[in-house]
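Contents: one structure, followed by commentary.
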Number of protein chains: 2
Amino acid sequence: MTRLSKREILIDASRELFIARGFHAVGVDTILKKSGISKRTLYKYFKSKEDLILAVIRHYDETFRNYLMREVEARKDSAYEQLLVIFDVSEQWFSEANFHGCLAVKAIGEFSEKNKAIQRSCEEFVRLIGEYMEELATKAGARDAKGLARELVLLFEGAIVMAVVSGNPKVAQQAKTMARRCVDEHVKKN
Amino acid sequence: MTRLSKREILIDASRELFIARGFHAVGVDTILKKSGISKRTLYKYFKSKEDLILAVIRHYDETFRNYLMREVEARKDSAYEQLLVIFDVSEQWFSEANFHGCLAVKAIGEFSEKNKAIQRSCEEFVRLIGEYMEELATKAGARDAKGLARELVLLFEGAIVMAVVSGNPKVAQQAKTMARRCVDEHVKKN
DNA sequence: AGTTTTGTAAACAGATCAGTTTACTCAATT
DNA sequence: AATTGAGTAAACTGATCTGTTTACAAAACT
């Protein structure tokens with residue numbers, strides 16, 4: 001019956017609250033109320049709020065990348081098309097009711113000066129998204145796969161910011177148009 | 001002697017603290033300590049911390065846009081070149097010791113759900129940057145000036161995120177390369 | 001000279017924060 | 001049947017938060 005462990009329930013509830021309201025703005029009492037779990041149990045699984053935040057970011061890092069790769073591979077077969085379909089998946093993500101931007105970027109914004117562990121986890125998230133794109137870029141025959149991947153990550157993160165600010169998921173299609181130019185530039189034969 | 005009013009000193013000190021550590025993470029006592037101003041005086045000029053935050057964002061909105069326009073106009077004369085030199089100014093901005101990203105985007109991240117006034121001020125910031133770029137795009141002869149401006153704002157905000165995450169101001173040059181492709185696409189004769 | 005404005009310093013109120021502790025329940029294991 | 005582990009509920013600690021109040025000082029205005 002109980003499909004999720006208490007630890008997972010806590011991480012899920014925390015992620016939703018943190019992304020919607022921010023890390024500092026959400027107190028542990030709010031998380032306990034939403035998850036229906038006692039304070040004692042929270043501090044059994046996590047030694048501090050900071051520890052919980054780290055777990056939430058690592059969980060996001062894994063699940064989001066899995067989601068992105070799964071969706072991309074389900075839609076297109078060629079690496080060239082997969083690079084572009086990333087932005088269709090993005091539009092789907094932007095359209096979710098609970099979409100509030102990139103958790104990792106938000107975390108860097110709130111902790112970059114104070115907490116090096118959180119900062120490193122967030123950099124890792126962006127780095128791994130870039131690695132995935134580089135992999136696809138290599139398969140697609142890009143001359144400078146690392147360079148193309150960096151451009152696409154910039155477009156990806158830019159689209160996230162614009163989606164949050166404008167509230168319009170369609171900005172993903174604009175990013176896709178720009179991405180096509182980048183890919184064609186890096187792949188075309190001279 | 002006292003060049004700045006107490007109100008301006010408070011806004012300056014707050015802006016530096018908020019951008020470096022976040023809005024919720026910085027208490028008013030920290031602002032008072034940094035600015036050397038008493039709590040009584042703070043609450044004379046601002047009716048609440050939220051009111052102070054709004055004033056900081058509006059001040060940022062004005063001063064940053066002025067800075068950008070002044071620097072752009074000082075470097076290039078043609079609208080086409082001005083559109084691109086925006087990213088050279090960005091690199092200069094990213095290289096500042098106190099650079100910690102876009103204050104408006106950070107504020108949206110911390111207040112989007114809770115505070116509509118703050119959210120609106122931040123949207124306004126992004127909208128006005130876009131208007132400036134649209135103006136230049138029109139002068140540069142873009143067929144779809146609004147569309148080109150939207151692309152350039154996306155690159156601009158994407159570059160900011162990547163500069164924060166990577167700590168490398170050079171991402172601005174990468175964005176400039178991408179911007180040149182966008183501009184050429186929108187301006188070239190068919 | 002007298003009054004108003006502008007400011008500081010510091011104590012205080014009341015809420016909220018993270019985290020601990022005590023006392024209890026209930027189900028699974030042994 | 002007894003014990004252990006996982007959990008809840010709630011009081012509590014001590015720190016910190018925003019915002020108010022009281023008391024006082026110095027300068028500016030009339």
Side-chain angles (χ1 to χ4, degrees), chain A residues 1-58 106-107 109-111 113-119 121, chain B residues 1-57 106-107 109-111 113-118 121:
Chain A
M1 268 302 141
T2 35
R3 309 260 344 123
L4 294 146
S5 73
K6 302 283 174 185
R7 201 186 122 92
E8 289 169 316
I9 293 172
L10 282 166
I11 288 178
D12 278 0
S14 303
R15 195 203 59 233
E16 282 181 40
L17 288 166
F18 287 152
I19 191 70
R21 304 187 207 168
F23 296 89
H24 286 92
V26 172
V28 291
D29 290 331
T30 308
I31 294 166
L32 300 175
K33 204 172 164 189
K34 183 184 175 86
S35 60
I37 287 172
S38 71
K39 196 177 269 198
R40 188 106 207 245
T41 304
L42 186 152
Y43 282 100
K44 184 187 168 189
Y45 289 114
F46 306 98
K47 71 175 217 287
S48 64
K49 185 188 177 185
E50 180 187 315
D51 194 37
L52 169 62
I53 291 172
L54 263 172
V56 169
I57 293 170
R58 290 196 181 116
K106 265 192 163 175
E110 288 199 45
F111 294 101
E113 283 240 321
K114 207 126 183 184
N115 193 307
K116 296 294 163 190
I118 291 174
Q119 194 185 356
S121 289
Chain B
M1 267 303 141
T2 33
R3 307 261 345 121
L4 295 146
S5 73
K6 301 284 173 184
R7 191 173 188 276
E8 289 170 315
I9 294 173
L10 282 166
I11 288 178
D12 278 1
S14 303
R15 194 203 60 232
E16 282 181 40
L17 288 167
F18 287 152
I19 191 69
R21 304 187 207 168
F23 296 89
H24 286 92
V26 172
V28 291
D29 289 333
T30 309
I31 294 167
L32 300 175
K33 205 173 163 188
K34 183 184 175 85
S35 60
I37 286 172
S38 72
K39 195 178 273 198
R40 187 103 207 249
T41 304
L42 187 152
Y43 282 100
K44 184 187 169 188
Y45 289 114
F46 306 97
K47 71 175 216 287
S48 65
K49 185 189 176 185
E50 180 186 315
D51 194 38
L52 169 60
I53 291 171
L54 263 172
V56 169
I57 293 169
K106 266 191 162 175
E110 288 199 47
F111 295 101
E113 284 240 320
K114 207 127 184 183
N115 193 306
K116 296 295 165 192
I118 290 175
S121 291

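As a basis for the values below, the full set of heavy atoms in this structure was taken, side chains included, without hydrogen atoms, waters or symmetry mates. Convention: sequence-line order gives letters A, B, ...; per-chain numbering from 1.
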Spacing of [atom1] belonging to [X] relative to [atom2] belonging to [Y], to within rounding of 0.5 Å:
X	Y	atom1	atom2	answer
A/Ile53	A/Ile11	CD1	CD1	12.0 Å
A/Leu17	A/Ser35	CG	OG	8.5 Å
B/Leu54	B/Asn115	CG	CG	6.0 Å
A/Glu110	B/Lys106	CD	NZ	9.0 Å

Take atom [atom1] of [X] and atom [atom2] of [N], then tell me their distance rounded to the nearest Å.
X	N	atom1	atom2	answer
A/Lys33	C/dT16	NZ	P	11 Å
B/Glu8	C/dT6	CD	P	15 Å
B/Arg7	C/dG7	CZ	C1'	17 Å
B/Leu10	D/dG19	CG	C1'	15 Å
A/Leu32	C/dT16	CG	P	15 Å

Between the first and last five pairs of the helix from C/dA1-D/dT30 to C/dT30-D/dA1, the angle of the axes, rounded to 10 degrees: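 The end axes of the helix from C/dA1-D/dT30 to C/dT30-D/dA1 are about 0° apart, to the nearest 10°.
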Using a 4.5 Å cut-off on heavy atoms from C-beta on, say whether the side chain of [Y] contacts that of [X].
X	Y	result
A/Tyr43	A/Val28	yes
A/Ser48	A/Asp51	yes
A/Asp29	A/Lys39	yes

Close aromatic pair by centroid cut-off 6.0 Å: B/His24 and B/Phe111: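 Yes, the ring of B/His24 comes within the 6.0 Å limit of the ring of B/Phe111, centre to centre.
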Using a strict cut-off of less than 4.0 Å between a Lys/Arg side-chain nitrogen and an Asp/Glu carboxylate oxygen, indicate whether B/Glu16 and B/Lys34 qualify as a salt bridge. yes
Using side chain to side chain contact (heavy atoms under 4.5 Å, CB included), reason through B/Leu52 and B/Tyr45 one step at a time and then give a plain yes or no. CA-CA 8 Å; B/Leu52 169 60; B/Tyr45 289 114; over 6 Å; no
Check each residue of residues 15-31 of chain A for a non-hydrogen atom within less than 4.0 Å of any atom in DNA chain C, then write out the ones that pass by number, or none.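 Per residue number, the list reads A/Val26, A/Gly27, A/Val28.
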In residues 34-57 of chain A, what residues come within less than 4.0 Å of DNA chain C, judged by heavy atoms?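 Here the set is A/Lys39, A/Arg40, A/Tyr43, A/Ser48, A/Lys49.
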What's the verdict on side chain to side chain contact (heavy atoms under 4.5 Å, CB included) for B/Thr30 and B/Arg21, showing C-alpha distance, side-chain angles and the deciding distance? CA-CA 11 Å; B/Thr30 309; B/Arg21 304 187 207 168; 3.7 Å; yes
